[in-house]
Amino acid sequence: MRAAVLRNTGDDRLDIVDDIAVLDPGPGEVTVKIEATGVCHSDLSGMSGLIPQPAPAVLGHEGAGIVSAVGDGVTSVAEGDHVIIAWSPPCGVCVNCTGRHSPHLCTEIQFGKSFLPRFTQSGTPVFGFAGAGTFCEATTLPAEAAIRIDDDVPFEIASLIGCGVTTGVGAAINTAQVRPGSSVVVFGCGGVGIAAIQGARIAGAAEIVAVDLQDKKLGQALALGATHACKPDELDALKGELTRGGFDYAFEAIGLPVTIRAAYDAVRRGGTACIVGVGSADQEVSFNAFEIFFAEKTFKGSYYGSADVRSDFALLIRLWKAGKLDLEGMITRRIGIEDVNDALADMRAGEGIRSVISF
Ligand SMILES: [Zn+2]
Ligand SMILES: [Zn+2]
């Protein structure tokens, strides 16, 4: 099968191959024929090692397709079902999945069953990135990672929900729980930032300010729900004009100490700064000991949009069907697997929102 493989952590290109074999599904597993997969910024982070990933690995983690085989004991999906792949699915039984109602924080599958090789190439075991490995014509996963959807949803639309859209919209509606009439600022207008802007719009925010270095991205943000857009050095003036003392909510979708700190500074006393970007474990952000007490801000991380994929994927599809979530507008390039390195280069250059690969 055709696939895009990361040979070694630190490589800046993926190897496009046609001789990958996907393992048959074992008990509790399914094989999914991948129809479409988005190219997400976290794929770059997996390549660089910022997100730990054993190699060789089939990259890709934002995908949708059709169940082509099921292992023993699988009852949640059947052959022929259309599914979105969840890269961190809930096991359904641990303390996060039950007592604390945080199924997105369940690690039983993502750091357990999913961390095994899923493919082989000339007898060598090959992993799937983040337990998914969607840059291949098919992948084998724990059945919990295949979330059934209606047959009438186009696969390229469904694929986006597998990561970026759930992460960004979920940050606004689940993690921060943006209230109607509030003011919001979003740092970083890639796929996740644009999804957070749409989430804030859906939640009824009155002002949504998009912040990015690139004019083109600011234009895209305005087209998809932002009410204002500016460069980082223009934000203070806009904050003074639009708010009294700061925004109610800030979302950071970059993962850098400077923008994480800027998100904290942008919100008013009592406001919420929500960090969605994936930063490096080697970098630190500092706060002085007085401001934390005095400003009484809520500073929180957001993992996979604090979503319960079992119900939230369907909710996002309903918002899309109702015309409230623009997913077509987020696809800036449609490509084949052979062009994935171009899509990765675009993303490094800050070009476009989402490239989607169709097989
Ligand atoms: Zn669990
Ligand atoms: Zn992603």
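Since we're looking at a predicted model, the values are computed, not measured. Just follow the structure's listing: the first ligand is 1, and inside any ligand the first atom is 1.
Between R334 and E156 a salt bridge is recorded (basic side-chain N to carboxylate O distance below 4.0 Å). In this structure, R148 pairs ionically with D81, as a charged nitrogen and a carboxylate oxygen lie closer than 4.0 Å.
Distances shorter than 2.8 Å separate the Zn ion (ligand 1) from the protein N/O/S atoms C91 SG, C94 SG, C97 SG, C106 SG.
Taking SG of C106 as the reference point, atom CD of E144 lies at 9.0 Å (rounded to 0.5 Å).
Residue R268 places its CZ atom among more than 12 non-hydrogen atoms of other residues, nucleotides or ligands, all under 6.0 Å distant.
Classification of the W87-Y304 ring pair by plane angle, with boundaries at 30° and 60°, yields parallel.
Remark: the W320 side chain and the E328 side chain contain an N/O donor-acceptor pair separated by less than 3.5 Å.
At a cut-off of 2.8 Å, C163 coordinates the Zn ion (ligand 2) through an N, O or S atom.
Cation-pi geometry between K297 and Y264 is met: under 6.0 angstrom from the ring centre, within 45 degrees of the axis.
Atom NE2 is the N/O/S atom of H61 found closest to the Zn ion (ligand 2).
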